[in-house]
Structures are given as structure tokens and as C-alpha cells.
Amino acid sequence: MVNIHVMAEGNQRKTLEERSQMTDVERLRHSTAHVLATAIAKIWPEAQFAAGPPVENGFYYDVELNHRISPDDFEAIEKEMTIVVKENQKFERIDVSRDEALELAKSGRLGALGERDIESTFKIDLLNDIPEEEEISIYKNGDFWDLCAGPHVPRTGNCKAFKLMSVASAFYKGDANNPQLQRIYGTAFKNKTQLNEYLEQLEEAKKRDHRKVGKELGLFHFDESVGQGLVLWKPKGSIIRNELQKFISNELDKKGYSQVFTPHIGKLDLYRTSGHFPYYEESQFSPIVDRDSMQKLADEGCTCGELSNKLKEGETDGFLLKPMNCPHHIKIFSSEHRSYRDLPVRLAEFGTVYRWEKSGELGGLTRVRSFTQDDAHLFCTDDQVQDEIMGCLDLVKVVLNTLGIEDYRVRVGLRDADSNKYVGDPQNWDRAENALREAASSLEVPFTEESGEAAFYGPKIDFVVKDVIGREWQLGTVQVDYNLPERFDLNYIGPDNKPHRPVMIHRAPFGSLERFVAVLIEHFEGSFPTWLAPEQVRILPISEKFTIPAEERLNELLEVGARASMDNSAEKIGAKIRLAQLDKVPYMLIIGANEVETNTISVRHRSRGDIGSLSPEEFINNFQDEVRNRAL
RNA sequence: GCUCAUGUAGCUCAGGGGUAGAGCACUUCCUUGGUAAGGAAGAGGUCACGGGUUCAAAUCCCGUCAUGAGCUCCA
């Protein structure tokens, strides 16, 4: 099961059947892509077009062109598009033979307004990709002819509500070895009203962007001089992170996990054994070579290339910033003689790992170079795999339910039957895949099974959510691993008094705290539930006359562990409320003459507004209940 | 890493070859109030960094770094 979005963005050919299933709006968007191409061909007749499919919220067309299209060009392009729409050209389908199509492409006629003295290079290539048995068709609108299987709307006049969104680069057919094309993204709707609604939605979504909210609320900071993708958690963000850790840690204690601590680095040999080095060298920080070895190499006049080889071949030793926690945990497991009676062993750690992500991939808290996984490794027998997976999913469920996250999808990554790249006994794979499938169905959440999506070492379940701009991010994951126990020669003594190989399960219900916090910020729009809110209560004295009674209330709150503060500024109450609202503080307590006289506090909630007056004891009781229950 | 865009005060942004701008935030003073902005004054910048062109560069050019969108990648 692969969804349409993935199909459209991937570069696999759509089958005719899939094309016939195109929704009305997809058809419209695909047609608008042709209108875009027509406009570009008018302005730059030499443009070479590749593919122009509909995508989730619009369409794009890939074009090769010496002129660098920038957003400044959009106005002119849109103007030409409007003309094409106004001319209300008919989209006309013409079936042609392969030879006819090829001839047209060779005379530059495809993706163009007329014959040219250049070939339609990409169209020729695309033509060659069309299977023998498939019909070949040309679509014409006005003088613009294009190789296209369709379908299209009847006339260009149907494409009246569109907007060009952005320009980016894309490799032809998604292959980095192919030429880089300019990809122009646009969106289109049935009418202007729907288009405007969509654009407004986009604006609304941007307000929730965790990077924006995180800055406004002072949760985290990235500093140029610290480095790309390296998060500085500010005090308020650290509170959220700590609360999440306390929460999960508490759950781990209930579920029979043992929490451990391990260092952030390990010897290269460790990662040679695990296979991370040099197999995943590209995505790791370079090794740290110890001082003496470095000096010795320098004295020998060793070049960087030679050093790299020596490291790979194990002639020179060094340390690696850990890209994963598993090797360390494995060493804890293997540090003792294990009996089957000890299993499962569940080792958990909030483990910080380091990965050398390419600079262009980094962004906000969702993709960073140093992040902390709520990681654990379970060592169990084959018979225990099913139960352990269920236990892991229970934990993920508790986490997501507690935080009210419902908008996620579950992906079961299975092996590709035709491939032999997988390690481990096929029978065990079958069992593990069945166990994962069964576990996933027990979630009562839609899930997709995707073959070929397994890791080479075992099948997995991923929990995937979308961010405000519609990008998908993997959060929690549960993965079965047959590889590392083998590589590290792990064993336990079975009832038969013989050594047996344990199975490992990697799991992280949050994935990484960084990415998870990003998702939470966007989910709550910065208005965190009280138990997570960096500042839970703010006392607002009506005037400075009431500082002393207000301070008493503040101290009572601090006494019971509330994160509370007082706004004692010379502002009027309206201004103080406004500030507290902007800071998204859940509770505002107003103290003035009335409250002092009756020994009450007036409570205002950031979203429920004025709640009325309560006795201080009543408020504290309610507050503590809310925090204890992690109410949403 | 690649393509394009962006980088001006703590934040949001205007400006632009000839003395650096606004709003908010900040500091001080006045005001002491009742559920989303009371008033005044003040302070704050090597215009990301490094080169170049120029009598003169924040402005133009080149490079670097960082940010954003997309592509590729993602154990």
C-alpha cells in the first residue's frame, strides 16, 4: 500500500489504472501544470520540460533553463498563465505511435509552442521509459504540445484559481547523478474561494511553526558559533524536556526497564564490531584520534587520506561520537553471564547521539546533529519477541494518548521478498513480521505495510506525524534486530544448559526528544498542558499596593512545587493579562482589594477566560490534580 | 552536499553609494488601576563575517558562515 502522495512525488511511472483514479482536483492541478509550462514556453522558448505531476497540495513542473527562475519572475509567469486561462484553450488528446512521438520530440515540438532547433531531450528519455504495450498520447492546448498520458480538464479556462508558490531544484528522476532541474511549485483549486481558504490555512499553520513559537516563548536557541544543528535548550525549553523525561522514566519503572547511563563516545573498534564504522561513516562526525597517535602520524608525514585509510583498516585507533546507543547497551548486557531466567533484559537510557546530517537537511528541532533518544534495547528469546513488541507499543500508546496526539500514521516496514540483503533466519523474520503486524493491528489505528522498508537487520514499526508544512517525520520506532546479537556474539544460557542467541529490540517511543518537542510545540501551538508548561501560574497584583498578599500566594504555590511567578510591574491589569496570555501561561491569579478582603483569588485561564474566585486552597487542590493527572 | 532566496537593535521589519530607521521589548520617572496594550524620557547596532570595486560600501561584486524552501539522504 503506497499512497497517492508518495506515488506522485516519487518518480515511478503511474500505471494507467492509477491515472484513471486521479481525483478531480488532481486532474485540475495537472492541467494547471500544463498552463504553467505553456507560460514558461512563451517567455523562454528554449526551456526543456521534464515532468509536471500533481502533488499533495498542488503541482510542480520541472524545467531546465539557463535563466534562473526566481520568485521575482512569478508575476510575469502568472500573467502569461492568466492569458492562457482566459483564452480558454481546449485540452486535446491525440494518440500517436511511438515513432510519431519520437519524431515530434526530436524536432523539439514536445513541451513547446512550436518546432525548435533543439530536441525535447527529457521527453525523448521519458518516451523510452513508456512500456511497449502502453498507448502513447500527446496533449495539446493552443500551440503547446506535450507528451502526456492525461487525463486533463476540458479547457484551460477551468484552471482559474492558481498561484505559484516556490521554486527549488530537483534532480531529474530524483537521481543525484542526473542534471539538476528547476522545479516550480504551484497550487490550484476549483475556485478562488477554495484557493484563498488554502492560503489562509497555510498562514495559520505558519503561526504554529515550532521554530517561530520556540523563539517567541524562549524555549531553545541555535547559535552560529556553536554550530549548525546543535540545540541550546533555554531554561523554559529545558523544563518541557525534563517533564517529558520524568514522565517516560516513570513509565519505564512501571514496565520493568532498567535505566542506565553510558558515555557519549566509544572506541572505533566498538563501532567496527557493530558495523557503524566505516559502513555509515558518511553520516557520522569524523573520528577523534588520540593525541599520541596523531603526533606519531604527523611525524610520519601522514596525509588526511592515509589517516582515513588507517582508521578504516584499524591500524590507527580513535574514538567516535556515538551515532547510536546500542553498542554501549550491548556491552552492558554482555558484561554478565546471562541465563534465560534473566530475560528479557530491558536497558533504557536518554542517550544523546551525534550524526553528521548534510547541511541542507538540517532544520529547526526536527533534523539536528545532536539529539537525545528515549532509547532502550531489549534482549529476549525468540519466544518473547511478540510480548516485548506489544509492551513497546503499549508504551508508545501511553505516550501518545497522554499528549493527545491522534493525527499520526503507523508504518510496518517488512522485508522485500526478492532481496537477499537481510541478515537472520527467514523463519525468525516471518515470526517477527507477524508479531509486528499483529501488534500494529492491536493499536486500532490505520497502518500501512510497506515491503522493502525493513532495516537490513530486522523489521520495524514506525510512528509518523506531519509538521505544520505537511512534511512527515518519524517519531517512535520499534525495531527487531537479528544482526547485532550476531556481530557481538551475544548469548544466554538456555534451559538446556547451552548458549543461545538472544534477539534484540530497539525502541524509542518519542524517537528523539528534540523532534518530539517540535511536534508538541506545533500540536499545542505553544499552549502546553499545565503539567508541561514552563510557567504554570502567574500572579497578577492589581497594583503595587497588593504586592505583599500576592507574594504570600506566590510562596504557597512555590511551596507545592508549582512553577509560578509574579508580575509586579507598574502596568495596569489589562497589560499584565495580555503579557501572560502571550506567554501562554495556563493560570493567571488576580489579587486586589476584593481578594484580600475575602481571602480569595480571582482565577483566569489562558483559554477558558475568567473562571471566578476560589479560595487559595481550592485552587491549589485543583491545580495539583490537573498536574498529577497530566490533564490536557 | 546541490539549486534558489534571505541575513539591518533582544524580537518583527522598513531603508539603501555620502552622519543608521520604526514598532514591540528593555531602563528610569510619572501613573496605582479589575480581566488582551496608561503616559513621558532614555539607552541600545562594526547593517552576519572576510575580501574586492570606489574619493566614499550597510548598500555594488566575490567568497565564507548561518537561516528558509525544495532535491538527494536518513542505521
Side-chain angles (χ1 to χ4, degrees), chain A residues 9 11 55 60 62 64-65 68-73 165-185 206 209 211-212 215-218 221-229 271 274-277 279-284 323-327 353 355-364 366-367 373 454-458 460 462 469 471 473-474 477 479 481 483-484 506 540-547 568-583 588-595 602-606 609-613:
Chain A
E9 292 224 308
N11 287 274
V55 289
Y60 67 77
D62 283 345
E64 188 181 60
L65 186 61
R68 292 280 144 211
I69 296 176
S70 92
D72 294 341
D73 295 316
M165 304 299 286
S166 63
V167 56
S169 86
F171 297 111
Y172 179 55
K173 289 183 178 172
D175 185 336
N177 297 314
N178 283 338
Q180 211 161 25
L181 308 173
Q182 303 189 66
R183 175 170 295 179
I184 296 144
Y185 280 93
K206 272 190 203 151
D209 191 312
R211 291 165 296 197
K212 179 176 149 66
K215 195 180 264 186
E216 284 166 355
L217 298 183
H221 173 65
F222 286 93
D223 198 280
E224 281 196 24
S225 54
V226 174
Q228 249 190 320
Y271 299 101
S274 70
H276 292 113
F277 187 85
Y279 191 56
Y280 290 111
E281 193 188 2
E282 290 299 298
S283 43
Q284 290 162 179
M324 296 198 103
N325 301 304
C326 2
V353 296
R355 299 185 189 177
W356 188 259
E357 306 286 359
K358 292 184 202 158
S359 61
E361 301 164 335
L362 298 166
T366 39
R367 198 77 182 271
Q373 297 176 312
F456 72 91
Y457 53 75
K460 58 177 186 170
D462 293 326
I469 50 179
R471 291 181 293 207
W473 297 103
Q474 181 192 314
T477 181
Q479 312 185 350
D481 187 346
N483 178 46
L484 288 178
H506 309 247
L540 310 178
I542 290 286
S543 81
E544 281 160 303
K545 283 183 199 158
F546 306 103
T547 302
N568 203 23
S569 63
E571 292 297 337
K572 299 212 287 192
I573 194 66
K576 293 186 187 186
I577 286 172
R578 179 167 184 274
L579 275 178
Q581 287 284 151
L582 290 176
D583 286 343
M588 289 154 262
L589 304 187
I590 292 151
I591 315 262
N594 301 339
E595 289 74 15
S602 290
V603 183
R604 181 188 162 98
H605 185 267
R606 69 180 164 207
D610 193 348
I611 287 177
S613 51

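In what follows, chains are A, B, ... by sequence order, proteins preceding strands, each numbered from 1.
At the phosphate of B:rC71, OP1 or OP2 sits under 4.0 Å from a side-chain N or O atom of A:Y185. Residue A:R183 has no polar side-chain atom (N or O) positioned under 4.0 Å from OP1 or OP2 of B:rA69. A close approach under 4.0 Å does not occur between any side-chain nitrogen or oxygen of A:K572 and OP1 or OP2 of B:rU32.
Here A:K215 lies in heavy-atom contact (under 4.0 Å) with sugar-phosphate atoms only. Using a 4.0 Å heavy-atom cutoff across all strands shown, A:A580 reaches no nucleic acid atom at all. Nucleic acid contact class of A:R606 (heavy atoms, under 4.0 Å, all strands): none. Among the atoms of the strands shown, only primed sugar atoms or phosphate atoms (P, OP1, OP2) are found under 4.0 Å from some heavy atom of A:Q479. A:A455 comes within 4.0 angstrom of no nucleic acid atom, judged by non-hydrogen atoms across all strands. Residue A:G574 is classed as a sugar-phosphate contact, given heavy-atom separations below 4.0 Å to backbone atoms only. Backbone-only contact: A:R68 has heavy atoms under 4.0 Å from sugar-phosphate atoms and none from a base. Nucleic acid contact for A:H506: none, since no nucleic acid atom lies under 4.0 Å from a heavy atom of the residue.
How far CG of A:L582 is from CG of A:L217: 9.5 Å, rounded to the nearest 0.5 Å. Here the CG atom belonging to A:D481 is positioned 6.0 Å from the OH atom belonging to A:Y457, to the nearest 0.5 angstrom. Taken from CG in A:L65 to CD1 in A:I184, the straight-line distance is 8.0 Å, to the nearest 0.5 Å. In this structure, CE on A:M588 lies 13.0 Å from CZ on A:R578, to the nearest 0.5 angstrom. To the nearest 0.5 Å, atom OG of residue A:S613 and atom CD1 of residue A:I590 are 11.0 Å apart.
Comparing the P positions of B:rC74 and B:rU6 gives a spacing of 32 Å, expressed to the nearest Å. Nucleotides B:rA41 and B:rA22, compared at atom P, are 13 Å apart to the nearest Å. Rounded to whole Å, the P atom of B:rG21 lies 15 Å from the corresponding atom of B:rG15. Remark: the separation of the P atoms in B:rA40 and B:rA36 is 23 Å, to the nearest Å. B:rG38 and B:rU32 have their P atoms separated by 14 Å, given to the nearest Å. Using atom P as the reference point in both B:rC24 and B:rA37, the two lie 14 Å apart (nearest Å). Using P as the reference atom, B:rA14 and B:rG7 are 8 Å apart when rounded to the nearest Å. B:rA5 and B:rG18: their C1' atoms are spaced 30 Å apart (whole Å).
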A:L540 vs A:L589, test: side-chain contact (heavy atoms from CB on, under 4.5 Å). Steps then yes/no. CA-CA 6 Å; A:L540 310 178; A:L589 304 187; over 6 Å; no

Are A:H506 and A:L484 close enough, and set up right, to give a side-chain contact (heavy atoms from CB on, under 4.5 Å), and what steps lead you there? CA-CA 11 Å; A:H506 309 247; A:L484 288 178; 4.0 Å; yes

Assess whether side-chain contact (heavy atoms from CB on, under 4.5 Å) is satisfied between A:Y60 and A:M165, documenting all intermediate values. CA-CA 9 Å; A:Y60 67 77; A:M165 304 299 286; over 6 Å; no

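Closest to the side chain of A:A575, out of B:rA37, B:rG1, B:rA75, is B:rA37. In this structure, the nucleotide among B:rC4, B:rG34, B:rA36 sitting nearest to the side chain of A:A593 is B:rG34.
Taking for each of A:L582 and A:I69 the nucleotide of RNA chain B with the nearest heavy atom, the 5'-most of the two is the partner of A:I69. Comparing A:M324 and A:K545 against RNA chain B, the residue whose closest nucleotide sits nearer the 5' end is A:K545.
Not counting sequence neighbours, A:K576 has no partner by the side chain to side chain donor-acceptor pair (under 3.5 Å) test. Annotation: salt bridge (charged side-chain N to carboxylate O under 4.0 Å, His left out) contacts of A:K212 (sequence neighbours excluded): A:E216. With sequence neighbours excluded, no residue satisfies salt bridge (charged side-chain N to carboxylate O under 4.0 Å, His left out) with A:E64.
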Check nucleotides 23-29 of chain B against the protein and report each pair of N or O atoms closer than 3.5 Å, with its distance, or say if there are none.
none

Can you check nucleotides 64-67 of chain B for protein contacts, nitrogen or oxygen pairs under 3.5 Å, and list what you find?
residue, atom, partner, partner atom, Å
B:rA66, OP1, A:Q228, OE1, 3.4
B:rU67, OP2, A:Q228, NE2, 2.6

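One atom, CD of A:E361, and another, C1' of B:rU3, lie 15 Å apart when rounded to the nearest Å. Protein atom CD1 of A:I573 is 12 Å distant from nucleotide atom P of B:rA37, rounded to whole Å. Distance CD1 (A:I542) to C1' (B:rG33): 7 Å, rounded to an integer number of Å. When rounded to the nearest whole Å, the span between CZ of A:F277 and P of B:rA75 equals 19 Å. In this structure, NZ of A:K576 is placed 14 Å from C1' of B:rA37, rounded to the nearest angstrom. Nucleotide B:rA36 holds its C1' atom 13 Å from the CG atom of A:D610, rounded to whole Å. Atoms CD (A:E571) and C1' (B:rU31) sit 10 Å apart, rounded to a whole Å. One can place CG of A:L181 at 13 Å from P of B:rC4, the figure rounded to the nearest angstrom.
Between the base of B:rU32 and the side chain of A:E544 there is a donor-acceptor pair shorter than 3.5 Å. Counting distance only, with no hydrogens placed and no angle test, the side-chain atoms of A:S166 and the base atoms of B:rG70 include no donor-acceptor pair under 3.5 Å. Side-chain to base pairing of A:R367 with B:rC74: one donor and one acceptor N or O lie within less than 3.5 Å of each other. In the interface, the side chain of A:E595 is paired with the base of B:rG34 through a donor and an acceptor atom under 3.5 Å apart. Residue-to-nucleotide contacts include no donor-acceptor pair under 3.5 Å from the side chain of A:S543 to the base of B:rG34.
Counting only heavy atoms from C-beta outward, the side chains of A:R604 and A:Q581 approach each other to under 4.5 Å. Within the 4.5 Å cutoff, no side-chain heavy atoms of A:M324 are placed close to those of A:Y271.
Formation of a donor-acceptor pair under 3.5 Å by the A:D209 side chain with backbone atoms of A:K206 is not found in this model. Checking side-chain atoms of A:Q182 against main-chain N and O of A:I69 turns up a donor-acceptor pair under 3.5 Å.
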Using a 3.5 Å limit on both pairing distances, list the dot-bracket string of RNA chain B from the 5' end; Watson-Crick and G-U wobble pairs count, crossing pairs take [ ], interstrand pairs take |. (((((((..((((....[..)))).(((((.......))))).....(((((..]....))))))))))))....

